[in-house]
Every structure is written in structure tokens, then in C-alpha cells.
Enquirer: 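What follows is a structure written as C-alpha cells; I'll ask about it next.
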Amino acid sequence: MSRVILAYIENNGVEVPKGSLSTIQAALLLKKAHNYSGLVGLLLGGDGTEEAAKKVAAFGLDEVLYVKNNLLKTYLATNYALAFKKVLETLAPTVVLALADTRGRDLMPRISQHLDAGQASDVIEFVDGGRFKRPMYAGNVLATVEITTARKVVTVRQSAFDVAKSGASECPIRELSIDISADSGMEFLSFDTVKSARPQLVEADRIVSGGVSLKSKENFEKYIVALADVLGAAVGASRAAVDAEYAPNDWQVGQTGKIVAPKLYIAVGISGAIQHIAGMKSSKTIVAINKDPEAPIFDVADYGLVADLYQAVPELISVLTASKS
Amino acid sequence: MAKILVPIKRVVDYETKVRIHADGNKISEDGVKWIVNPFDEIAVEEAIRLKEQKGDVEVVVASIGPDGTSEQLRTALAMGADRAIHVNTDAYIDSDAAHRILAEIYLRDSFQLVIMGKQAIDSDASQTGQLLAARLGLPQATFASKLVIDDSFATATVVREVDGGLETLRIKLPAVVTTDLRLNQPRYPSLPGIVKAKKKPLDVIELSGLGIDTAPKVRIVSMQPPAPRKAGVKVGSVAELLDKLSNEAKVI
């Protein structure tokens, strides 16, 4: 029996997002490390999908399949799962691999259920043919898991894999025509790109986070938001600050909130509860500003400043503002 | 009457420092505090709000786990859920096994909506809701930050938090919705709520009696702590901090 990997490659019309190149890179690594006989890429979409398929032909895949159908123009879990299942009727991959972004997380369990296959989510490393490393407990534990079913579904964490490089000879591209029915019980209404002067927490290169020491919503605005704005940073908050209603729930960084890994993370007036540290400790450079020298946040900080935030933050803002102008 | 099923998971408190058990493939449970998975708590809150808005709604919470799991179900009842189902087992339950059990519970009654957390804060797999929707052939709306349901419980309009923005979907009910942070801020159980919860029905079903294959499809082989961060330095002033950030770390 041939052992084939099927990698689901996302496209938005003709566009192939950067994450898809990490999907390809992860699939190439898996194929090489465990001697899979083939690696097939799959694109699902409406207009532009053929062009997108052509764009990924020279990245080292053995074949690229694509399905172009008007019902796949916008992503809907039910329609995409239906199309995916039809593709699986003609191809029996050993591994189905996709990115662990919101689409991959939404779609792949429907494929696992169809295949009656075990799924490892958010994989960061391939140990051997059936074993995978993945974070659990918001990164407090690194687990090696084994998928016990013959067919396996894997989603990979984008930041753990480089982007694939083109330059291989172009592989064959094949269109699969597939019928799917129109009524799947789901209807796409709209998509709003979040328009904010500030970057999104999970995508931001810089984050300034505030804790319960801010004492009020007004102070949170005046110190944390103001510092974030001068740095072009996203705003985060500890769970305690959210519970005290100084900041909205979706700013929460931590095990019960967002898991972030920016280049620069500045924790202001945050003591460093376990659940907060779990959400930000993968940041490249961590700065802690806290007046308590014993605060646990200093254990994970690259640079710790023991100071009163009400003095230190205005000073930071004024120096940074001056250096900008 | 519309019925809402809210599956909840018993997880280790997020304020607990997790320690790996001597066996090397699980978490030590000694002295651990257990809580309702925070994303499931948001689901319980949302179901109760729907009940408060629309009146004729029954909120059924269900959980799978050992004896102590009843405590988390009582918490949900104290928040305002109407009744609870505890599928009792000491076995390791992965996402696949969980969704099979939940499908059985769903099929024993007639629910218009299943609402649950987008993931549990222990396994972080984010699979069970989608697996359940797939098994039952239902539409799904994961990572919901807003949920509006029509009065006849026929359709839901859901705003989803997806990469790069907010997506709005309309789905036919029954369906599975999974919750994200922005959906609501869960209430604390009130004292009268806690008293009332003691009298609300809590059915305990033995997993072994359900005849469901719950052999894990994903087995935990080993666990290790992540690599520790290198110890940092203390700086004496804002000026020194900015100097280090600009010249040493080169991040500003």
C-alpha cells in the first residue's frame, strides 16, 4: 500500500497566504523524515483556485489537486467538509495534514470524524510515523502523543515551521470536479476585517499588557493603552485586570485567554500568575515593570524594572514620544 | 420548549502550577483544584442568558469524568442551568471518545442547540465540538463572539472570531456552537443559586453501561516541561531599559 500525505493548502481566490507555505514545509518534513511515498496538495475554492494551485506547484509537492466550485467561494465548514470527503473517495491518504489556524481548527475534526481517524492538533514536531509533539496546558507541558489509528489527521502550528521555498520542478496539477449540494444549513453573511489602529493581539509584534495594579479602567487607558499606542503595540491584560473590569475579556492574555508570542512583550503591574505566564512566555523579549521585586513575572522577564508604574510608564511614554518626533 | 445542551469539562484550575506525574504521561492530581473549563463556563452563561431572554428554554449541562465531576456540574446548576447529566468514568477520555459519548446524550433527547467551549484548557485540542457536529450531521459555528437566536429556535446568527477579522454566519438549528472569549463574561453563582442547585436533578450514568467504544485514538506517550527561559537582568532606570531594548535586544 502506498503511503501518501494529503496536505490541505488554503487559498483566498488567487492568493496563497504565508501560512500555506508553512503547511507545505511541514508536510515536506514529515514526508522526508518518515519515508512517505507521496505528498499531494489539495486546494478547495471558487474562482482563482486554479491560479493558486499553479503558484504552489514548484514547492516540492508530488501533485497538486484542486476543486473549483462556486459553493466553495467562501469558506463554510459543511461545504468544505463535503468536498473534502469526496476527494478522499478517490485518494486514500495515510495522513491528512493542515494548518492549525482558525480554518484548520474548524474543518479538520470534521475530516477526522469522517475517516474515523485520530487527530493531533497544533503539532510542532514529528517524532516518528505515528508520534507527534504538541503543547498542552497552554504550553506548560510539551506532550508526545501517538495516533493509534492507521489513518491520521494532523494540524500544525504555523510558528513551528519555516515557509517552504519554491524552486523545485513544477509538479502535475489536476482539477477534480465534484458535486456538492447547495443546502448545508450554513450561510455566509459577511466578513469584517477588524479595523483598528492597533494591531490584533495574536498577530502583534509588540504587546503592552496591564495588570490589576492599574486600579481603574481610566488608569488602564491612561498608562497601558497610551504606552501601547506610542509603541504601535497591541494591548493585553491579565485575567485579574479583566475580572476587575479594567479591560475587556478579549484583551486577556493567558491560559484562559489569548496565547501570544510577540517580539516584545511589556508586562506592567502584572505579578505573573501561572495562567498569565502560560499565555506569554514564548515572547521573544519580555519586559516586566513592577514595584514588587519578588513578583514572579521577573522570573520570566529578560529585562526587569523594579519601579512604580505611575512614574515609569509616563517617563517611557515621554522618552519614546520625543524620540519619534 | 427549546432545549440547550451544554457539555462542560472538569479541568485543573488555571491558577495551579501543573506538575507532571512520576509516570511521565499525565498530570499529578495531588492537591489540585478543579474547575469548570473557562470556555465552557462562557457556554453555560450564554445558555442561561438565552433562557432569561426567551423564557421557555431548558438548559442541560453534561460532563464526563470521575466522581468529583459532579462538583463542576453543581457549579453550572448554581449559575442557572436546569439539570445535569454526569457520565461517570475514571478512564482517559480523548476528544474522539468525548464526542461519541456526547452524541449519545444528544440523541437521547431533542436539543435545538449544543453550545460548548472552543477548547479545554488542558488538552487544548479544539476538536470535540466539531467532531460532534460532524457525527450528528449538524452545522457548526466555532469561536463564537456573538450569538443571536430567533424566537422559534430555527436559525442562529453567529459572529465568529477568525484569523484577520470577524465572520458572520447564519446557521440552521439544531447546530453546534463553540464559544470564544468575547461572547460574554460568566456570572458567579449566587448564594440562592447554590442553595437551589442542590435540589436540581443530577443524573449519574455509568459510562460502562452506554456500550460506547471509548478507546483513545490519541494516546499521550510522554510529557515534559517546556525549556525554561534564561534568567534575565534587572535594570535600574527607564533610560537603561530603553537602551537595552534598543541596543541589546534590538526590539525598538
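Protein chains get the first letters and strands the later ones, always in sequence-line order, with residue 1 at the start of each. Values below: all heavy atoms of this structure, side chains included; hydrogens, waters and symmetry mates excluded.
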Enquirer: Report the C-alpha separation of A:Tyr137 and B:Ile27 in whole Å, then their side-chain angles, then the decisive distance to 0.1 Å, and conclude whether the side chain to side chain contact (heavy atoms under 4.5 Å, CB included) test is met.
Expert: CA-CA 10 Å; A:Tyr137 293 86; B:Ile27 291 302; 3.2 Å; yes

Enquirer: Heavy-atom distance under 4.5 Å between the side chains of A:Val287 and B:Leu245, does that happen here?
Expert: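 Sidechains of B:Leu245 and A:Val287: in contact.
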
Enquirer: Heavy-atom pairs under 4.5 Å with chain A: which of B:Ile220, B:Asp163, B:Leu138 has the most?
Expert: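 Result: the option with the highest number of such pairs is B:Asp163.
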
Enquirer: Where does A:Leu76 contact chain B at under 4.5 Å (heavy atoms): side chain, backbone, both or neither?
Expert: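 Only the side chain of A:Leu76 comes within 4.5 Å of chain B.
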
Enquirer: Which answer fits B:Asn184, side chain, backbone, both or neither, if we ask what part of it has an atom under 4.5 Å from a heavy atom of chain A?
Expert: backbone

Enquirer: Just so I understand: if I count every heavy-atom pair under 4.5 Å between each of B:Lys17, B:Gln185, B:Arg219, B:Lys118 and chain A, which residue has the most?
Expert: B:Arg219

Enquirer: Select, from A:Leu107, A:Val145, A:Thr144, A:Asn140, the one with the greatest count of heavy-atom pairs under 4.5 Å involving chain B.
Expert: A:Thr144

Enquirer: Is it the side chain or the backbone of B:Leu242 that comes within 4.5 Å of chain A heavy atoms, both, or neither?
Expert: side chain

Enquirer: What part of A:Val242 gets within 4.5 angstrom of chain B, counting heavy atoms only: side chain, backbone, both, or neither?
Expert: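 Contact with chain B involves both backbone and side-chain atoms of A:Val242.
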
Enquirer: So which of B:Thr168, B:Thr142, B:Val233 has the largest heavy-atom pair count under 4.5 angstrom toward chain A?
Expert: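 So the answer, after comparing B:Thr168, B:Thr142, B:Val233, is B:Thr168.
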
Enquirer: Using modelled atom types and a 3.5 Å cut-off, is there a donor and acceptor pairing between side-chain atoms of A:Thr102 and backbone atoms of B:Val162?
Expert: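 The answer is no, because no donor-acceptor pair under 3.5 Å joins these two groups.
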
Enquirer: Any sub-3.5 Å donor-acceptor pair from A:Thr148's side-chain atoms to B:Lys217's backbone N or O?
Expert: yes

Enquirer: With respect to chain A, which residue among B:Val18, B:Asp96, B:Asn37, B:Thr178 yields the maximal number of heavy-atom pairs within a distance under 4.5 Å?
Expert: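 The answer is B:Val18.
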
Enquirer: Any idea which of B:Lys230, B:Glu167, B:Glu240 has the most non-hydrogen atom pairs under 4.5 angstrom with chain A?
Expert: B:Glu167

Enquirer: Ion pair present between A:Arg134 and B:Asp124, side-chain N to carboxylate O less than 4.0 angstrom?
Expert: no

Enquirer: Are B:Arg100 and A:Asp116 close enough for a salt bridge, meaning some N to O gap below 4.0 Å?
Expert: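 So B:Arg100 pairs with A:Asp116 through a salt bridge.
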
Enquirer: Highest number of heavy-atom pairs under 4.5 Å with chain B: which of A:Trp251, A:Tyr75, A:Phe188?
Expert: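 Option with the top pair count is A:Phe188.
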
Enquirer: Can you check whether A:Gln255 reaches B:Pro38 side chain to side chain, under 4.5 Å on heavy atoms?
Expert: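 A:Gln255 vs B:Pro38: side chains apart.
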
Enquirer: Is A:Lys133 in contact with chain B via its backbone, its side chain, both, or neither, using a 4.5 Å heavy-atom distance?
Expert: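 Side chain only.
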
Enquirer: Checking B:Ala120 against chain A: side chain, backbone, both or neither under 4.5 Å from a heavy atom?
Expert: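 For B:Ala120, there is no contact with chain A at all, as no heavy atom is under 4.5 Å.
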
Enquirer: Can a donor-acceptor pair be found, under 3.5 Å and without considering hydrogens, that links the side chain of A:Glu146 to the backbone of B:Val218?
Expert: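 Between the backbone of B:Val218 and the side chain of A:Glu146 there is no qualifying donor-acceptor contact (under 3.5 Å).
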
Enquirer: Measure distances from B:Pro228 to the heavy atoms of chain A and classify the residue's part below 4.5 Å as side chain, backbone, both or neither.
Expert: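 Interface part for B:Pro228: neither.
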
Enquirer: Against chain B, label A:Ala307 side chain, backbone, both or neither, depending on which of its atoms sit under 4.5 Å from a heavy atom there.
Expert: neither

Enquirer: With a cut-off of 3.5 Å and sequence neighbours excluded, list every side-chain donor-acceptor pair involving residues 296-304 of chain A.
Expert:
from     : atom 1 : to       : atom 2 : distance (Å)
A:Asp302 : OD2    : A:Ile286 : N      : 2.6
A:Asp302 : OD2    : B:Arg229 : NH2    : 2.8
A:Tyr303 : OH     : B:Glu248 : OE2    : 2.5

Enquirer: Contact part of B:Leu241 toward chain A, heavy-atom cut-off under 4.5 Å: side chain, backbone, both or neither?
Expert: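 Just the side chain, heavy atoms under 4.5 Å.
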
Enquirer: Does either side chain, that of B:Gln130 or that of A:Asp106, offer a donor lying less than 3.5 Å from an acceptor on the other one?
Expert: no

Enquirer: Checking A:Thr155 against chain B: side chain, backbone, both or neither under 4.5 Å from a heavy atom?
Expert: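 For A:Thr155, no heavy atom lies under 4.5 Å from chain B.
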
Enquirer: For B:Val238 and A:Leu305: C-alpha separation, side-chain torsions, deciding distance, then whether side chain to side chain contact (heavy atoms under 4.5 Å, CB included) applies.
Expert: CA-CA 8 Å; B:Val238 166; A:Leu305 176 62; 4.0 Å; yes

Enquirer: With only heavy atoms counted, which part of B:Thr16 is less than 4.5 Å from chain A, the side chain, the backbone, both or neither?
Expert: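 Backbone of B:Thr16 only, per the 4.5 Å heavy-atom cut-off to chain A.
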
Enquirer: Output yes when a side-chain donor or acceptor of A:Arg206 lies under 3.5 Å from a complementary backbone atom of B:Val251, and no otherwise.
Expert: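 Pair found, side chain donor or acceptor close to backbone of B:Val251.
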
Enquirer: Let me know if A:Ala100 has heavy atoms under 4.5 Å from chain B in its side chain, its backbone, both or neither.
Expert: neither

Enquirer: Top residue by heavy-atom pair count (under 4.5 Å) with chain A, among B:Gln127, B:Glu161, B:Glu15?
Expert: B:Gln127

Enquirer: Give the C-alpha distance, both sets of side-chain angles, the deciding distance and a yes or no for side chain to side chain contact (heavy atoms under 4.5 Å, CB included) between B:Lys172 and A:Met186.
Expert: CA-CA 6 Å; B:Lys172 281 188 188 161; A:Met186 293 180 68; over 6 Å; no

Enquirer: Are the side chain of A:Thr256 and the backbone N or O of B:Phe39 linked by a donor-acceptor pair below 3.5 Å?
Expert: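 Here the side-chain-to-backbone pair does not exist.
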
